[in-house]
2 protein chains.
Amino acid sequence: MLTPEKIVAAALDVIEVSGDRGLTISALAKRLGVAPSALYNHVSSKRDLLILVQDDVIERIDYGCFETLPWADAVRQWARSSRDVFATHGHLIPIYAVIPVTNSRAILRMYETVAKGFLAAGWHEGDIVHAIVSIESFVLGSAMDANAPEDMYDIGDLSTEFPVFSSVVAGTREDASGRADVAFEIGLEGLIAGLEVWRSRQQ
Amino acid sequence: MLTPEKIVAAALDVIEVSGDRGLTISALAKRLGVAPSALYNHVSSKRDLLILVQDDVIERIDYGCFETLPWADAVRQWARSSRDVFATHGHLIPIYAVIPVTNSRAILRMYETVAKGFLAAGWHEGDIVHAIVSIESFVLGSAMDANAPEDMYDIGDLSTEFPVFSSVVAGTREDASGRADVAFEIGLEGLIAGLEVWRSRQQ
DNA sequence: ACCTGAACACCGTTCAAGT
DNA sequence: ACCTGAACACCGTTCAAGT
């Protein structure tokens, strides 16, 4: 007998073996030893399936830090964790970005804790959603960037045609963690600092 | 006779009429009055087609501001323009985020100008790519958010279960431009200010 | 060189038929 | 209530055949 739990577990297996794009209804059915049409007794559409998967995946994000750490540290840890989770589940990004929160208790649990953290740090109620959304926008964009090839900005033959950018790319500071990680950390520190400045101006 | 220009123009027509998801090979072929297979004489894959479309769309982004405005103003204008363009062409986001820049002269032209602007503002060569990527990550994430429903954060029946977030949503400051725009502007100002602070610490 | 038309291997989804 | 098997309307893509 199929259950939501088994379906989600199998879906995650399929993703782990075949990647994001390998998660199809028939691949999932095969993994479960069942006909594709059988799935529609438990799930009304593929979008519905992805929401189930998402609910499971969201729970791997570390947001408990908002109950233990100061605001900036909590934001940093939450953002890093979110970005990691979405980088390994890029297919969920387009859904997560536009799904009404009512559809997912997992998301609401997260936001409940995050919102408390913002309030405890002295944020005005009216600004919190906007601040959260801006952080998440950066996180989701960065998660996509994390899947870009390491040499994404290598210019090849066209370096004489674009000398300035070419030289900037050649001189790009790197460290062991890789280009995307450096960009993420720089942007994250900037955003956190900037939000803190912005907040203090709001008083 | 089909030409790349005609194909791109027709693709943009199809998108305008049928939306992002309406751009299929057969829809495009029908619009051009040609068999679907004919397109493969001019384009090697759908991905290839989307790169052609992207090249056209990138040129609508305003990056000339880097030649006329101070750094912070130029970044602000460039980011706003980019976000608008990608919000109306969301299907290009997953490609743009991971495509090696060598594949697109339009992108390289943009980066050439942007890089010059950063250098003129005194940025170190080694930091520029990272700063650009962080801005673009925020822009792409925000472009996805711009397509979210306006009531994305309305909680409905579950407000007693998540009282804090519920109250935060209810108290969210809004103005005529809408939720996503406010979040974008707040994050953008934060990111710009934060990058400026971060840069001055690098000296 | 470029286009047609048929074919292929896939999608997600529906639905009558069985148990 | 749940599953099967056949069918449907779509994808992107290939390729022999025509001009």
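All chains are named by letter (A, B, ...) in the order of the sequence lines, taking the proteins before the strands, and each is independently numbered beginning at 1. As the structure is a prediction and not an experimental result, all values here were calculated from the model.
- Residue B/A35 places its side chain closer to C/dT4 than to any other of C/dC15, C/dG12, C/dT4.
- Checking C/dG12, D/dG12, C/dC3 against every side-chain atom of A/K46, the shortest atom distance belongs to C/dG12.
- Geometric assessment of B/R83 against the ring of B/F184 yields a positive cation-pi assignment under the 6.0 Å and 45° thresholds.
- When atom types are taken as modelled, the side chain of B/R173 and the backbone of B/V182 share no donor-acceptor pair closer than 3.5 angstrom.
- Partner assigned to C/dC2 is D/dG18, using Watson-Crick or G-U wobble distances below 3.5 angstrom.
- Out of D/dG12, C/dC3, D/dC3, the shortest distance to the side chain of B/V34 is found at C/dC3.
- C/dT13: Watson-Crick or G-U partner is D/dA7, with both key distances under 3.5 Å.
- At whole-Å resolution of the value, CG in A/L28 and C1' in D/dC3 are 15 Å apart.
- Rounded to whole Å, the distance from CG on B/N41 to C1' on D/dT19 is 13 Å.
- The existence of a salt bridge linking A/D145 and A/R179 is confirmed by a sub-4.0 Å separation between a basic side-chain nitrogen and an acidic carboxylate oxygen.
- Residue contacts for B/T24: at a heavy-atom cut-off of 4.0 Å it reaches the sugar-phosphate backbone alone, with no base atom in range.
- Spacing between atom CG of B/L23 and atom C1' of D/dC10 amounts to 15 Å, rounded to whole angstrom units.
- Considering only side-chain atoms of A/H42, the nucleotide from C/dC3, D/dC3, C/dT14 that sits closest is D/dC3.
- Rounded to whole angstrom, the span from the NZ atom of B/K30 across to the C1' atom of C/dG5 amounts to 16 Å.
- Remark: C1' of C/dT14 and CG of A/L39 are 14 Å apart, rounded to the nearest angstrom.
- For A/Y40 and C/dT13, the OH to P distance is 4 Å, given to the nearest whole Å.
- Separating the CZ atom of B/R47 from the P atom of D/dT13 is a distance of 11 Å, rounded to the nearest angstrom.
- Of the candidates C/dT13, C/dC2, D/dG12, C/dT13 carries the atom nearest the A/P36 side chain, counting heavy atoms from C-beta on.
- Comparing atom distances between the B/S37 side chain and each of C/dG12, D/dC3, C/dA6 picks out C/dA6 as nearest.
- Note: A/F118 and A/W71 have perpendicular aromatic rings, judged against thresholds of 30 and 60 degrees for the angle between ring planes.
- If you measure from atom CZ of A/R21 to atom P of C/dG12, you get 11 Å, rounded to the nearest angstrom.
- Comparing atom distances between the A/S26 side chain and each of C/dC11, D/dT13, C/dG5 picks out C/dC11 as nearest.
- Residues B/I107 and B/Q54 are in side-chain contact: their nearest non-hydrogen atoms beyond the backbone lie under 4.5 Å apart.
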